[in-house]
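In this text the structure is predicted, and so the values were computed from the model without any measurement. Side chains included, hydrogens not; waters and symmetry mates left out as well; all remaining heavy atoms used. Reminder, nothing fancy here: chain letters follow the sequence lines and each chain counts from 1.
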Amino acid sequence: MIRTRFAPSPTGYLHVGGARTALFNWLFARKYGGEFVLRIEDTDQVRSTAESAAGILTDLQWLGLDWDKGPVPGITKNEYFQSMRLDIYNQYLNQLLETGAAYEAYETPAQLAVMRAKAEKEKRPFRYRKNMAGRATAGTDPSVVRFEMPHKTVEFNDLILGSISVGGEEHDDIVIRKSDGFPTYHFAVVVDDHLMGITHVLRAQEHLMNTPKHLSLYQALGWTPPEHAHMPLVFNMDNTKMSKRDKSKAARHAAQMRLKQDASLTVDVLAAKAGITGSALQAFLHQKQDDPIITSALAGTLNLQLPEIDVQDFRRSGYLADALLNFIALIGWAPGENREILTREELRSLFSLDGIGKTNGRFDRKKLLWMNGEYIRRANTSTLTAAIANFNAVTDFPLKHASAAMTQNLIGMYRERIGTIAEMAENSRFFFGPPTYESKSVKKYLATAADAAHLRQVAAILGKVADPWTAESLSAPMERIIELGEKRGVVAQILRVAVSGGAVSPPLLETLVLLGKETSMQRIAELERMGLAGFEA
RNA sequence: GCCCUCAUCGUCUAGAGGCCUAGGACACGGGCUUUUCACGCCUGUAACUGGGGUUCGAAUCCCCAUGAGGGCACCA
């Protein structure tokens with residue numbers, strides 16, 4: 001039976017690259033009726049956190065990538081967390097130590113750094129080898145255990161890339177147990193993949209050079225290795241690697257631009273606005289470090305749209321899980337026959353390793369936006385309602401407070417004109433409270449005495465509409481409003497601005513109906529009362 | 001620097017020697033529709049990195065160059 005796995009390290013949120021790896025493994029297992037295993041690789045005691053692990057589970061669940069074996073959400077760590085398997089690793093580690101395939105090494109990290117620097121200075125690659133000159137043979141405790149890589153070429157067949165070969169002189173003796181007693185990634189993957197019966201390792205191409213190491217480990221342990229397939233990577237449109245740091249980068253850049261443009265804005269003022277200390281902001285601006293807290297504080301005060309990187313970013317931006325999955329699947333994989341929009345079922349039945357290309361792809365947000373809009377347009381109302389509820393669960397827009405009936409109405413009005421649910425949430429704000437009048441629209445449509453006269457005419461026409469206030473009863477009056485003014489439709493724009501705050505909204509008729517007579521008339525009256533000039537910014 | 005991998009429109013890709021005057025989608029341009037914005041429909045611009053081979057014939061096979069990416073941790 002086919003068995004694949006997704007093995008994230010819980011050192012942060014699940015990002016799209018990881019989601020794609022998970023998706024391909026899931027697809028492959030599901031396609032062939034195999035099993036999909038989820039394993040948390042938390043062997044880095046410093047960086048791993050329980051919250052990250054929990055977050056990754058949540059994100060996978062949101063994506064609908066269910067696992068047959070693995071952690072149980074909400075329950076404490078089980079045997080699918082590597083930190084719970086130390087005894088197992090030690091058992092095999094001792095075996096390697098006994099057979100002489102592994103040995104203890106005593107250099108400290110600092111000493112190794114010196115050795116590396118020296119090698120670099122001498123323009124030769126540094127490779128730690130058991131037989132190299134100057135190796136410490138005794139000393140520090142705790143020590144580290146290294147695996148002696150065989151001094152021979154390792155060749156293997158990658159299911160995507162074909163034949164890969166790495167010469168023996170390229171290998172070095174990797175650490176397999178750290179001084180804290182935890183196994184390194186290299187050792188833990190091999191042991192676990194074997195013990196968990198993984199048949200196919202589908203992972204990102206950045207792991208390609210690890211494979212000879214892992215293969216040698218399998219051999220030393222006397223095990224048959226799984227098949228390997230390395231997938232092409234995903235980059236940003238500017239060819240930089242997609243990374244969680246991109247968000248900090250965007251925030252830093254925006255803050256610097258703002259500080260440059262606005263002379264009255266100092267670092268301290270900005271910091272105070274963002275609720276952080278001046279020195280913290282100063283440091284953030286001058287280093288390249290990732291800092292999620294400062295980043296989101298800046299995004300909030302500067303009203304920034306940060307690039308979505310993590311799965312939860314996309315969820316908060318109002319993307320549908322199916323659309324995101326569909327899009328991600330198409331980077332580096334193609335089903336052929338010019339297929340683009342594919343249901344989960346179609347992805348599953350069409351998926352094959354043969355369809356995976358060798359070249360790295362770029363994450364084209366515009367295409368994702370289009371695809372998400374396409375999903376929104378094609379989805380039935382109940383699917384969309386569920387997606388909106390899902391969106392509301394992680395965001396805080398007025399849309400959250402919409403009744404079921406209101407939500408249905410909004411779906412009808414917006415589905416044709418949005419790319420994400422967030423756009424609907426943002427654009428529909430005026431249905432939930434007084435509109436924010438956009439100065440540009442006010443200047444354009446509500447600036448002159450003639451505009452004011454038109455607005456009064458509109459009020460008069462609408463005021464005469466007999467109850468009930470419906471699409472039917474409003475239809476003829478709306479026609480009259482459209483015909484008002486020199487140019488067909490201009491007065492409709494005046495009404496639109498009056499009622500929605502801006503020059504863009506769903507069709508006026510529907511908007512008025514949903515707003516109701518009272519609210520609609522109130523807004524027009526309020527505008528007249530305040531006087532048009534009051535809006536000129 | 002050393003090692004590994006890759007190379008078709010701006011982007012994702014189809015293409016497994018003749019079906020290719022290279023197809024689709026996004027983006028972009030033009031038009032239609034239209035009370036705004038969209039949606040929808042029609043339509044246009046746009047690519048085989050370069051050079052050598054192999055072959056009757058090459059986007060497809062081989063070699064070199066160039067370019068791009070990945071790796072070179074007690075991170076995964």
Side-chain angles (χ1 to χ4, degrees), chain A residues 7-11 41-44 46-48 105 107-109 112-113 116 119-120 122-128 142-146 158 161-162 164-167 169-172 174-180 182-186 188-189 203-212 230 232-233 235 237 239 241 327 330-341 354 357-371 373-374 377 414-419 427 441 445 478-479 481-483 488-493 495-497 500 502-509 511:
Chain A
S9 67
T11 55
E41 309 219 318
D42 55 350
T43 52
D44 185 335
V46 179
R47 295 197 299 163
S48 298
E107 287 79 8
T108 62
L112 287 169
R116 273 192 200 97
E120 192 181 341
E122 291 167 7
K123 291 190 195 289
R124 61 179 167 82
F126 174 69
R127 300 211 170 81
Y128 194 102
S143 59
V144 112
V145 175
R146 285 180 185 268
D158 186 284
L161 297 172
I164 306 290
S165 159
V166 180
E169 65 285 355
E170 301 303 328
H171 307 316
D172 68 347
I174 50 169
V175 173
I176 55 176
R177 186 175 67 191
K178 301 182 252 186
S179 56
D180 66 0
F182 273 57
T184 57
Y185 158 74
H186 299 299
V189 232
R203 53 167 44 151
Q205 229 174 74
E206 60 199 9
H207 284 294
L208 188 61
M209 287 300 103
N210 290 332
T211 309
H230 291 91
L233 270 20
F235 293 90
M237 286 304 278
N239 236 334
K241 205 170 168 181
F327 177 71
L330 259 26
I331 305 177
W333 175 76
E337 295 174 12
N338 294 331
R339 302 289 303 274
E340 292 268 340
I341 306 278
D354 297 337
K358 301 177 179 182
T359 57
N360 296 333
R362 258 142 303 260
F363 195 91
D364 187 347
R365 290 167 193 282
K366 283 188 174 171
K367 185 157 185 177
L368 170 62
L369 190 63
W370 163 78
M371 189 172 277
E374 205 63 16
R377 270 164 249 128
Y414 280 101
R415 72 183 321 158
E416 300 293 317
R417 60 196 91 241
I418 52 169
N427 298 341
S441 303
Y445 295 107
M478 267 310 297
E479 274 311 311
I481 291 169
I482 289 161
E483 299 303 336
R488 187 182 149 83
V490 277
V491 178
Q493 282 303 84
L495 174 56
R496 190 186 305 280
V497 175
S500 76
V504 174
S505 83
L508 261 177
L509 193 69
T511 301

With the sugar-phosphate defined as primed atoms, P, OP1 and OP2, and the base as all remaining atoms, what B/S/- string results for [range], 5' to 3', for protein heavy atoms under 4.0 Å?
range                        : answer
nucleotides 17-34 of chain B : ------BBBSS-------
nucleotides 61-68 of chain B : --------
nucleotides 41-46 of chain B : ------

Subject >> Pairwise C1' distance for B/C48 and B/U60, with rounding to whole Å >> reply: 10 Å
Partners passing side-chain contact (heavy atoms from CB on, under 4.5 Å) against [X] (at least two apart in sequence or in another chain):
X      : answer
A/M478 : A/I481, A/I482, A/L495, A/L508, A/L509, A/L512
A/A503 : A/S441, A/Y445, A/Q493
A/R203 : A/R5, A/Y185, A/V201, A/H207, A/T211, A/H214, A/H228, A/H230

Subject >> 5' priority, RNA chain B, between A/V166 and A/Q205 [closest heavy atom] >> reply: A/V166
**OP:** For A/L161 and for A/V175, locate the closest nucleotide of RNA chain B by heavy-atom distance; then report the residue assigned to the nucleotide nearer the 5' terminus.
**Re:** A/L161
**OP:** Check whether the side chain of A/S179 and the base of B/C74 form a donor-acceptor pair under 3.5 Å.
**Re:** yes
Subject >> B/G44 - base-pair partner by Watson-Crick or wobble geometry, distances under 3.5 Å >> reply: B/C28
Original post:
Of all the choices, B/C37, B/U5, B/U13, which nucleotide is nearest to the side chain of A/A334 once you look at every atom?
Top reply: B/U13
